[in-house]
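Worksheet for the structure shown next.
Quick caveat: nothing in here was measured; it's all calculated off a predicted structure. Side-chain atoms are counted along with the backbone in the values below, which use heavy atoms only and exclude waters and symmetry mates.
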Amino acid sequence: MKRDMELVRAILIELEKCPYQDGFHDIHVQGYTDDEISYHVQLMDEAGLIEAIDCSSQDGRCWKPKRLTNEGHEFLDAARPDTVWAKAKDKVLSTTGTLTLEALKAALPTVLRQVITGGM
């Protein structure tokens with residue numbers, strides 16, 4: 001399955017809306033299957049953006065998000081504005097030719113500063 005950074009951002013936005021609790025949340029993002037969401041939740045847990053639990057069983061893989069980590073909040077706060085997100089993606093793609101989480105983590109604060117100071 002291919003990683004989708006739009007889905008990563010959407011999951012973070014949806015998870016932020018959830019109350020803090022002891023357990024997991026069912027996240028739904030229009031246009032994506034439960035399997036795609038589960039796979040991305042696992043990737044985001046591995047990347048340290050969220051805490052998640054593995055609910056997989058004999059019926060298949062199933063990862064559920066619990067909460068955003070501090071790193072997840074920082075990433076989402078930088079990625080939340082649509083204009084900043086679009087400019088950061090364009091910058092990373094034009095520079096590297098691919099979207100990686102690490103490249104977006106580096107580009108988002110730079111783009112955000114440029115937007116704030118009127119440099120973009």
Side-chain angles (χ1 to χ4, degrees):
M1 183 176 301
K2 189 171 182 176
R3 182 175 57 181
D4 183 335
M5 296 309 293
E6 293 295 335
L7 180 53
V8 167
R9 180 177 178 245
I11 291 169
L12 290 173
I13 289 169
E14 290 303 311
L15 186 55
E16 184 185 49
K17 295 175 187 176
C18 297
Y20 180 72
Q21 64 185 32
D22 243 6
F24 62 84
H25 300 281
D26 286 315
I27 300 290
H28 303 284
V29 179
Q30 187 174 355
Y32 293 95
T33 66
D34 288 342
D35 191 48
E36 289 169 319
I37 292 169
S38 176
Y39 180 73
H40 283 75
V41 165
Q42 181 181 3
L43 291 175
M44 294 165 66
D45 180 74
E46 292 168 353
L49 295 175
I50 65 172
E51 282 185 13
I53 58 172
D54 183 357
C55 299
S56 300
S57 68
Q58 293 176 346
D59 294 331
R61 176 183 35 193
C62 180
W63 280 75
K64 298 287 185 178
K66 291 177 67 175
R67 69 174 191 90
L68 289 168
T69 63
N70 187 60
E71 186 172 347
H73 279 288
E74 291 292 321
F75 182 85
L76 179 56
D77 286 344
R80 185 185 325 278
D82 290 336
T83 54
V84 172
W85 178 247
K87 288 176 182 180
K89 286 191 324 177
D90 288 345
K91 182 177 181 115
V92 170
L93 280 171
S94 67
T95 305
T96 67
T98 187
L99 279 180
T100 67
L101 187 58
E102 291 306 314
L104 282 169
K105 283 182 188 179
L108 281 165
T110 301
V111 171
L112 191 57
R113 276 192 298 279
Q114 291 171 339
V115 168
I116 289 169
T117 61
M120 280 193 142

Straight-line distance of Leu49 CG to Leu101 CG, nearest 0.5 Å: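 Here the rounded value is 5.0 Å.
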Distance from Glu51 atom CD to Met44 atom CE, nearest 0.5 Å?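 So the CD of Glu51 and the CE of Met44 are separated by 12.5 Å.
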Quick one: does any side-chain atom of [X] pair with a main-chain N or O of [Y] as donor and acceptor, under 3.5 Å?
X	Y	value
His40	Asp4	yes
Arg67	Ile50	no
Glu14	Ile11	no

Do the side-chain N and O atoms of Ser56 and Asp54 include a donor-acceptor pair separated by under 3.5 angstrom?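 On atom types as modelled, these side chains qualify, holding a pair under 3.5 Å.
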Please name the pair of heavy atoms, one in [X] and one in [Y], separated by the smallest distance, quoted to 0.1 Å.
X	Y	result
Arg61	Gln42	CD-OE1, 3.5 Å
Thr110	Ala106	OG1-O, 3.4 Å
Asp45	Ala52	OD1-N, 3.0 Å

If the condition is side chain to side chain donor-acceptor pair (under 3.5 Å), which residues does Glu6 pass it with, not counting sequence neighbours?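 Here the qualifying residues are Trp85, Lys89.
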Same cluster for Val8 and Tyr39 if Ile/Leu/Val/Met/Phe/Trp/Tyr side chains link at under 4.5 Å?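 Different hydrophobic clusters.
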Should [X] and [Y] count as side-chain neighbours, where that means a heavy-atom distance under 4.5 Å?
X	Y	result
Phe24	Cys55	yes
Asp35	Met1	yes
Val115	Pro81	no

Selection residues 93-102 - residue pairs positive for salt bridge (charged side-chain N to carboxylate O under 4.0 Å, His left out), sequence neighbours left out: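 Those involving residues 93-102 are Glu102-Lys105.
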Fellow cluster residues of Tyr20, listed by chain then number, with links counted only when side-chain atoms sit under 4.5 Å apart: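 Its cluster partners, ordered by chain and number, are none at all.
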